[in-house]
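Down below is the structure, laid out as structure tokens.
Numbers here simply count residues along the sequence, with the first being 1.
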Amino acid sequence: MRIAFRRKIAAQVAIFDDESTRELMLCGGFGAGKTAILVYKGIKLSYQNRGFAGGLLVPSIPEFKRDFLPMMLNVFQREIPGATYHQSGKFGMHFMFPWSKEPLYVFSAERQVKGPNLGWLLVNEMSLIKWERIKEFLARRRLPHVPCPQVIFAGTPEDEYDWLDAFITKRTASGRLKVHYATSFDNPFNDESYGADLLENFDEDEAQVYVYGRPGRIGNNYFFRKYTPANNDFEIEYDPELLIHASLDFNVGRMCCGFAHIFGNGNAKQVGYFDQLKIKGTDADTDGMARAIKARYGTENVLITCDASGKNRKTTGRSDVQVLESHGFKVRYTASNPPIRRSQIVTNSLFAKRQILVHPTKCPDIKKDFLKVKQKADYDIDKSNIELTHFGDGVRYLVHHEFPNFLDRGKNRAEILPLGV
């Protein structure tokens with residue numbers, strides 16, 4: 001079979017030709033050819049996997065009829081006589097190809113994904129779909145002996161439902177997923193001024209996502225808004241000869257601790273997070289966290305910086321600090337936690353100057369806080385998401401201790417970059 005795949009974008013060609021990587025993803029800006037690669041790669045997979053049903057997951061039926069369906073029908077009319085589209089019937093909404101008796105099913109993320117077992121999958125505009133639906137859909141790919149059992153994702157990386165960044169990080173680290181990127185400028189079938197026109201309409205953060213197809217944050221309501229993966233992600237390695245700084249935040253049922261080394265002196269110091277520890281459930285108390293830290297790193301070379309509330313006596317008779325000290329740890333804290341706004345300015349300035357680094361795969365929840373924690377209109381931290389803020393709070397406590405004079409006047413004062421908020 002020959003289909004005239006007319007697109008010339010390098011990312012599209014790489015995905016179309018790759019027959020060995022289990023999961024492939026195209027992150028692209030507007031007009032970057034995302035739908036085209038999903039259509040043509042889907043046709044190819046249908047032919048390669050003749051006799052095995054495939055599945056297409058879309059954010060909604062209206063979006064499907066506006067985006068994917070017209071392009072697929074256009075290819076059918078132009079190049080595949082006998083290929084058909086059906087809105088109902090035995091297989092529900094589906095496509096049929098002349099070389100196979102098995103359909104390409106269409107699933108909408110508007111409802112729970114149920115139904116047949118599948119051999120290969122397509123996901124359109126993945127970041128506009130909740131993780132629960134993605135997970136349900138991936139679970140349908142269970143047929144054995146499929147010649148090319150690939151999963152193809154394509155979309156603009158808006159990460160509306162807060163799963164895409166962690167998914168990419170985890171799957172690429174394991175080698176299961178390969179991500180390709182395309183910009184609005186790459187598509188020769190767009191109007192020659194299309195990319196430039198988009199840039200005029202979007203701010204810097206929006207352009208990162210909608211023009212250049214790179215995962216990013218949209219809006220000014222992020223607490224750690226000067227953190228960027230390109231600037232602050234670095235594979236810091238644990239050094240047993242160096243002091244381990246454990247930044248700990250106390251929470252009922254969720255104990256979170258980040259581990260960092262500190263390099264340099266004064267306001268020029270660099271904080272590098274190389275590990276994290278999170279415990280939940282019945283052991284998620286200070287005693288349980290102390291045992292977990294001790295099991296991983298011992299006590300001799302660990303300095304714990306914690307929430308000021310840790311000094312307060314609990315109903316058990318011992319404060320959190322006393323519990324940590326009873327396990328042999330050295331602990332430090334201040335009389336009160338740092339003022340939120342001051343803490344935000346210092347921490348973001350350190351991000352901008354690349355003085356806070358984080359290991360992107362060994363510290364996924366620390367990185368998630370840096371990316372996702374938001375602020376309220378009064379600059380207070382938004383704690384409405386119970387899964388966020390805990391690691392970020394620990395980082396702020398450490399910064400407060402290590403950079404106490406960061407905003408003071410004088411020759412050693414670091415440059416404070418504008419936050420834009």
Exercise for the section: I would like to know whether K130 and Y161 meet side chain to side chain contact (heavy atoms under 4.5 Å, CB included); could you show each step before the answer? Expected result: CA-CA 6 Å; K130 294 180 180 179; Y161 294 105; 3.6 Å; yes
Handout entry: side chain to side chain contact (heavy atoms under 4.5 Å, CB included) evaluation trace for F351 with N231
Key = CA-CA 8 Å; F351 279 130; N231 192 50; 5.7 Å; no
Practice task
Please assess R133 against E136 for the test salt bridge (Lys or Arg N to Asp or Glu O under 4.0 Å), listing each intermediate value before the final yes or no.
Solution key: CA-CA 5 Å; R133 296 292 175 264; E136 292 166 0; 3.1 Å; yes
Practice task
Walk me through it: do R254 and E387 pass the test salt bridge (Lys or Arg N to Asp or Glu O under 4.0 Å)?
Solution key: CA-CA 9 Å; R254 285 177 174 79; E387 297 297 333; 2.9 Å; yes
Problem - Test side chain to side chain contact (heavy atoms under 4.5 Å, CB included) applied to F68 and V106, step by step - result: CA-CA 11 Å; F68 187 93; V106 179; over 6 Å; no
Exercise for the section: Using the side chain to side chain contact (heavy atoms under 4.5 Å, CB included) rule, take I244 and I293 through it: C-alpha gap first, then chi angles, then the decisive distance, then the call. Expected result: CA-CA 11 Å; I244 298 171; I293 297 174; over 6 Å; no
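The closest side-chain heavy-atom distance from F137 to V151 is not below 4.5 Å. The side-chain heavy atoms of Y273 and V271, taken from C-beta on, include a pair separated by under 4.5 Å. Contact of the F185 side chain with the V211 side chain is registered, since non-hydrogen atoms from C-beta on lie closer than 4.5 Å. Contact check for I304 versus V302: side-chain heavy atoms found under the 4.5 Å cut-off. You'll find the side chain of L122 reaches within 4.5 Å of the side chain of L45, heavy atoms only. R396 has its side chain within reach of F224: a pair of non-hydrogen atoms, C-beta onward, lies under 4.5 Å apart. Two residues are said to be in side-chain contact when any heavy atoms from C-beta on lie closer than 4.5 Å; I340 and I381 meet this criterion. Using a 4.5 Å heavy-atom cutoff, the side chains of S184 and Y210 are not in contact.
With no hydrogens or angles considered, a side-chain donor-acceptor pair links T361 and H359 at under 3.5 Å. In summary, the side chains of N117 and R140 do present a donor paired with an acceptor at a separation below 3.5 Å, with no hydrogens or angles considered. Checked by atom type, the side-chain pair Q48/Q150 shows no donor-acceptor distance below 3.5 Å. A donor-acceptor contact closer than 3.5 angstrom links the side chains of Y227 and D233.
Considering CG of L324 and OG1 of T299, their distance stands at 11.5 Å, rounded to 0.5 Å. Within the model, atoms CG of L177 and CE of M25 stand 5.0 Å from one another, a figure rounded to the nearest 0.5 Å. Remark: Q12 CD to D17 CG distance equals 11.5 Å, nearest 0.5 Å. A distance of 7.5 Å separates NZ in K362 from CG in D275, rounded to the nearest 0.5 Å. Distance NZ/K374 to NZ/K383: 16.0 Å, rounded to 0.5 Å. Interatomic distance, CG of D365 versus NZ of K372, reported as 13.0 Å (0.5 Å rounding).
Within 6.0 Å of atom CZ in F234, 12 or fewer heavy atoms from other residues, nucleotides or ligands are found, so the atom counts as exposed in its surroundings.
Taking 4.0 Å as the cut-off between side-chain N and carboxylate O, K170 and E23 do not count as a salt-bridged pair. Look at K135 and E132 and you find no salt bridge, because none of the NZ, NE, NH1 or NH2 atoms lies under 4.0 Å from a carboxylate O.
The aromatic ring centres of Y238 and Y297 sit less than 6.0 Å apart. Taking the six-membered ring for Trp and the full ring otherwise, Y333 and F250 have centroids separated by 6.0 Å or more.
For the residue pair V146 and P149, the shortest heavy atom distance occurs at O-CD, 3.4 Å. The two residues A11 and Y181 come nearest to each other via the heavy atoms CB-O, 3.5 Å. Smallest separation of non-hydrogen atoms from G213 and P157: O-CG, 3.4 Å. When all heavy atoms are compared, the tightest approach of Q355 to K269 is NE2-O, 2.7 Å. Of all heavy-atom pairs between D249 and G394, the closest is CB-N, 4.3 Å.
Side chain of K34 to main chain of F153: no donor-acceptor pair is present (N/O by atom type, distance under 3.5 Å, no hydrogens or angles). A donor-acceptor pair is defined here as one N or O able to donate and one able to accept, closer than 3.5 Å; no such pair exists between the side chain of D285 and the backbone of M289. In this structure, the side chain of N190 engages the main chain of G31 through a donor-acceptor pair within 3.5 Å. Looking at S100, its side chain does come within 3.5 Å of a backbone N or O of G51 through a donor-acceptor pair. Panel note: side chain D18, backbone A14; no donor-acceptor pair is recorded below 3.5 Å.
Relative to the ring axis of F391, K368 does not place its NZ or CZ within 45° and under 6.0 Å from the centre.
Classification of the F97-F95 ring pair by plane angle, with boundaries at 30° and 60°, yields tilted.
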